[in-house]
Each structure stands twice: as C-alpha cells, then as structure tokens.
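Notes follow the structure.
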Amino acid sequence: MPAFIHLFAVCLLLSLPLFSVAQIDTLLQLPTVEISETSVRSQVTGGRTRNWDRADLRAFAHTNLAEWLGQQSGLYIKSYGSGSIATTSIRGGSAAHTSVLWNGLPIPSPMLGQLDFSLFPLGFIDRAQLTYGGNSAAWGSGAIGGVLSLSNEMPGDSTAGLDLRSTLGSFGFQDYQLSGYYRQGRLGFQTRLFYRSADNDFRYRIRPDLAEQVRTHAALQQSGILQSAYWKPDARQQLSIHVWAQQSDREIPPTTVQNQSLATQADRFIRTALHWKRIGPQMIWQARLGLFREIIDYRDEQIRLQALTGFWTTQAEVSGSRAWNGNHHLQFGITHNWVTARADAYARPPEQNRTAPFLVYRYHLGDWTLQFNLREEIVDGKLQPLVPGLGLEGPVSRHLRFRAKVSRNYRLPTLNDLYWQPGGNPDLLPESGWSQEAGLEWRAVTGAHSWSLGITAFNRHIDNWILWSRPDGQSFWSSNNITKVWSRGLEYRAEWGWRSSDWQLQLSTAYDYIRSTNEIGITSPKLERGEQLIYVPEHQAFGQARLQWRQLQLQYRHTYTGPVGSLNVGQLSGYDLGSTGLTYHLEKSNWGSRLYLQINNLWNVPYRVIERQPMPGRHFQLGLQLYFRRPTGSQVHQPIP
C-alpha cells in the first residue's frame, strides 16, 4: 500500500477530535443509560463473544486462569502439567495469537508475545470477556485468534466486606485467599491476597505395561497481592488505580524420557494500572496508564545454567467517544507502548516504541448494528499495514439473530524473534492476513423453559507466519517468515434451561471443528504442506449438566479433545475427561458461606496434552468460603463501570 495512504489515514485519525468539536449543533446530550457502557470497541459487533460477571467467577476463585478457561470456555489449553506453563490456542492460532487485556491494557510478554495463564489467579478478577476471532483493528498486535479482557470493578454499593477462602486438594494442593473492600460515597478500596502451593507428586504410567511412577521435582508456590483504589470527584468522573504484585516459584519436573531434573523457575512481576474516565454532556473521555515490570529467573544446576531475563513496559492510551441522533456512536484515540528488555542472549538491551491511532464508528439502523474499526500501528517510526475491521449484526426474525465480521489482523515480531542471539532476525515482517466469520443464533423462552442454539463459521489466512526453524546448512535455530497458515472451522453451541420455584436444571453442549493447516512445506521442523498444525486438535466437544435445588448445586462436565500432532513422538491420542462438583451455598443478610467439592478427571483417564508431559489422574479439591458485609452509609452515587 502506498505510503501516502498510510499518512492520510494517520492524519485523519489524529484530526478526528477537531471534527467532533466542530459539529456540536448536531449532537445530543448522552442519556444516563450511556454511563453503563465501557467503550465502543469493547462491544464487539458481528463476532462471537462470551461474558462472565463477578457472580460467575466467584465460584472458581480458587483456580487459575488456565484451569478455568479449559473448563468454562471450551478453549484448547496447552498445559505442561499441573502447576506448569499453560497457554492457549484459539481457532487454530498459536499461543501468541491470544491478546490478554487487564483493565484495558495488554499484558503478554513482549519477549515471548504470550502469557502463562497458570500464573493468573482467578480470584483477582471481577469481570471477563472472551472475544473469538481476529480483532486487531480494535486491540492491535496479537489479536488474531481471540481477545480475553479481564477487569476489576469498584464495589457496587456503600458497604464494607471481608471474604475468606480456603481450599485443600490432592497432591498437596493448598489455596488461601483473603479479600477485603470498603466503599462509602465517592471512595472505594479493595485488597486481595492469595497464597497457593502444591507438591504435584501424582502417579502416572508411561505405558500401560510399565509400573507406575511418581512425578518428582514439581512443587509450586505462589503468592500475590492486588490493591485497588477508586475515587469519584463528582457524579460523572472516576479515577482508579490498581497495583498487582506476585511471585511464583516452580520446580521443573523431568519429562518421561528424563531420569531427574533440577531445573527451577522463579517469576516475579509488578503491574500498575491507572484509569481515568469522565462523562461530559456530549463526550466521554478516558485515559489509561500502565507500568509493568517482570523478571524470570530460570536455573538448571545439572548443566550449570542460570538465565535471568526481564522487561519493562510502559503503556498509555487516551480516547474520546460521543453519540448523536441516537444512531451514531464514534470513538477515537491513540495508544503508545514503550518496552525494553534484558537477557544474556541480547547483544544490547533492545527498546521499542509503538504508537497507534484508532477509530471506531458504530451505526444503528433500527435493530441492526454496523461497526467499523480502523487502526494504524507505527513501530519505531515505521508505518505498519493499515488494519480495518467491519462487523454487522441484527435480528432476522423474532428468535433468530445474524452476525458477520471481516477484519485484517496482524502480529508484530517479539523481541526474542528480532534480537535473540543466535537466531534473532531483525528483518522479520509482521504476520498478517484477513479473517471472516458469520453466525446465526436462535433464542426462545416459553414459560419455565429457555433454549438457545448457535453456529459460527470462520475462515482465516495468515501470511509471513513466524517460525523458529533450522534452514539447510545452518547449525542453529532461527526465526523466519517461512510459512503461511489457513485456519477454518465451525463452532456449535446449544443450551436448554428449566426452572421452578425451588429447582433449576441446565443442559449445554458444544462442538468445535478446527482445520488449521500449514500451506508451505518445511523440512526442520518437518511439516508437510496441508498438514494440521501441531497441538491444534481438529475436534473438540463438551457437554455439561447443572442441577440446583435451593442452596444445593450439582454439576457434571464431560469434554472430548481429539488427537494432536507433536514434534517428536508423532500423534498424541485424543481423550475424554469428566469432572463433577457439589456446592452448598448459604446466604444471610450480612454474611454467607459456600462449601464446595470438585473432582477432576473423574474417570481416572491417562492422557497427555504435551508430549512427554504426564497429566494427573483423578484428584479432588475441597473448600470453604466465608464472607461478611455491612453497610457503611447511604449510597450516594452509582459507580461508573
């Protein structure tokens, strides 16, 4: 695309505030209901999304993000075993194709381009939104497979509260959490603490004909604190700050072809996020600022290796939005990221500056909604491909709804891809391509019964796919734009519910067909043209039944994951897993309690997610939660979400 088109787009995006000020006479004051909206780009039009609020997440606070996503979202979680590294694959993408946002700021490592979901305690989150498919026009680099947005919220009324939780489980698992909050009028505070440890010394067999072994050197210990403070100077303005510090110490267990391991990994990070929001008579202004510091200390005494790596990230964003005539909604803004990192494998500490103006326009025509997104990324002064996105959704009939989306998506090379020595390649191009999806959703409610049925088809081509490989004549692995990937598939979801005065019953099923193939043959690693990517199952399915009688709830969930390819041992077999849970919830005026029992891998199935990494058999968790609250005074203002 000619450079003048990029420059024109950047100038257009940056000049939008001037146009919005110049047309005051055509605008109407925002109604009060607009306060409940976060931002236009967070409300995806045309794509499939799923949302969880505080009540949905509270029952799973003792788990980490990887375990919860695997149970509740149907995503494929690439886990190296209990307590070990866990990443995602959404719609056939790589681990670096999932963008994760914390209070509106991306948190994946700029060195690796991905996030270890096992390090994320779910009890630190109040609201989650999972957007399937590409959304780079809204959220930038890496938003190819999906976007997971995690946020914290101000306590909703004038109360003080305390939440205590203790969970014990198999293989030495212990989890303790303490959360306290205070809200009166325009001030609110919340403190969350957690401590988690596990021995992970489960038994497993390498083959059915061999004796059982005990997994050794696999202990885990984590602790962290999240401090949040909220202040409303007036009814239309809110300022919040979040400081999250955490440490994790893990022993790296031997694989099934090793006799022992002495490797360890220590993860340390502190994340600070500041958010300001003001709702004026015609404009909503928002500003975010984030400062992240992370250190990874990997050691292996067997080979006398110590690898200390770390990075700093500073992120800033300013945006404004306004609505007029009841049908038009415009949001514009600009983000800036600065990153630097240190590692022994870098010749010198690299730095990177990324600036991106963005635009979102939404138009309502009756019950139909059309949304257009546009983004232009500038990396160290160099213009990247212009990224548009277009979504459409609306009712076809009383019960049937249609949605469709087309977008261009991209992922910038990570710092390791560019600068790691040996193997880094500073001439790498960004991964980029187009994705499309379309879906139908049918919903109906008849008396005590409710039904929903949805199906989504998607298609995505990504060029310049970055892969570490060993070209002919080269003795070391290096990063190169050596392949392209075609991902396509179908996603099916169905749910039926029934309720009476004391009883509730809910049944749900899902199936994902994902074909994600390499379109260029590679010799090292060996990948044939048209071959399914490794660690991407072609078939996934799950079903769930939940029965509730008054305060007692019983749940069973069954999942099937199809075979996947691996690097060294060929194909890993598919597997079925069952889990069940029993919860008793007692709610009083100023206090409540929850007693829960969870049994995972109920049928004691031996399986592997990653080659040479055993997974635990049947195991349980038993926990108790107690919470207390009391009023602190009359409620003055409703919070701004």
Side-chain angles (χ1 to χ4, degrees), residues 11-45 103-105 126-127 129 138-139 149 151-158 183-188 228-242 273-289 316-336 356-375 391 634-641:
C11 293
L12 174 63
L13 293 175
L14 293 176
S15 63
L16 282 171
L18 302 177
F19 288 108
S20 63
V21 172
Q23 299 187 18
I24 295 178
D25 58 331
T26 64
L27 299 177
L28 301 176
Q29 182 169 332
L30 289 175
T32 305
V33 71
E34 294 290 337
I35 294 177
S36 65
E37 297 186 357
T38 52
S39 68
V40 187
R41 62 175 174 156
S42 297
Q43 303 164 30
V44 180
T45 298
N103 291 309
L105 299 170
D126 295 320
R127 186 176 295 274
Q129 180 188 67
W139 299 110
S149 180
S151 58
N152 301 112
E153 296 181 341
M154 187 174 187
D157 50 15
S158 294
R183 165 79 189 280
Q184 184 168 10
R186 293 171 176 166
L187 283 175
S228 300
Y230 307 85
W231 176 48
K232 294 182 61 180
D234 52 57
R236 291 181 170 271
Q237 195 169 187
Q238 179 172 298
L239 182 69
S240 63
I241 184 171
H242 310 276
L274 182 66
H275 182 205
W276 170 78
K277 183 174 185 178
R278 184 181 185 278
I279 300 178
Q282 296 172 334
M283 292 286 297
I284 299 177
W285 291 101
Q286 294 191 78
R288 305 179 193 272
L289 180 64
E317 178 185 305
V318 178
S319 68
S321 62
R322 67 189 308 167
W324 68 97
N325 294 340
N327 297 323
H328 305 271
H329 203 156
L330 179 70
Q331 183 178 8
F332 51 86
I334 189 168
T335 67
H336 181 78
F358 64 88
L359 163 71
V360 186
Y361 169 72
R362 174 180 289 170
Y363 175 66
H364 297 280
L365 180 60
D367 294 327
W368 285 80
T369 302
L370 178 71
Q371 181 170 318
F372 174 71
N373 292 55
L374 188 65
R375 185 183 188 93
S634 60
Q635 187 170 334
V636 179
H637 296 288
Q638 292 289 338
I640 302 174

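One is the number of the first residue; the rest follow in order along the sequence.
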* Within 45° of the axis and under 6.0 Å from the centre of the six-membered ring of Trp139, does NZ or CZ of Arg41 qualify? -> yes
* Between the main-chain N or O of Pro155 and the side-chain N or O of Arg183, is there a donor-acceptor pair closer than 3.5 Å? -> yes
* Any donor-acceptor pair under 3.5 Å from Asn325 side chain to Asn327 backbone -> no
* Can you list the residues that meet the side chain to side chain donor-acceptor pair (under 3.5 Å) rule with Asn103, with sequence neighbours excluded? -> Asn152
* Please round to the nearest 0.5 Å and tell me the distance separating atom CG of Asp126 and atom CD of Glu153. => 5.5 Å
* Does some side-chain heavy atom of Leu239 sit less than 4.5 Å from a side-chain heavy atom of Leu274? -> yes
* Asked: For the side chain of Asn373 and the backbone of Val360, is there at least one donor-acceptor N/O pair under 3.5 Å apart?
  -> no
* Spacing of Ser228 atom OG and Ile241 atom CD1 [to the nearest 0.5 Å] -> 9.5 Å
* Residue that, paired with Gln286, satisfies side chain to side chain donor-acceptor pair (under 3.5 Å) out of Lys277, His275, Arg278, Gln331 -> His275
* To do: Determine the sole option in Gln237, Lys232, Arg236, Gln238 for which the side chain to side chain donor-acceptor pair (under 3.5 Å) test with Asp234 is passed.
  => Gln237
* **Whether Arg186 side chain and Trp231 backbone form a donor-acceptor pair below 3.5 Å** => no
* Asked: Roughly how far, to the nearest 0.5 Å, is the CG atom of Leu359 from the CG atom of Leu330?
  -> 5.5 Å
* Structure fact -> d(His364 NE2, Thr45 OG1) to nearest 0.5 Å is 7.5 Å
* Asked: Which word best sums up how the rings of Tyr363 and His328 line up, parallel for under 30°, tilted for 30 to 60°, or perpendicular for over 60°?
  -> tilted
* Asked: Do Ser321 and His329 touch side chain to side chain, with heavy atoms closer than 4.5 Å?
  -> yes
* Please confirm whether the backbone N or O of Gln43 pairs with a side-chain atom of Arg362, one donor and one acceptor, at under 3.5 Å? => yes
* Indicate whether any N or O donor in one side chain lies under 3.5 Å from an N or O acceptor in the other, for Glu317 and Thr335. => no
* To do: Check the angle between the aromatic planes of Trp285 and Phe332 and answer parallel, tilted or perpendicular using the 30° and 60° thresholds.
  => perpendicular
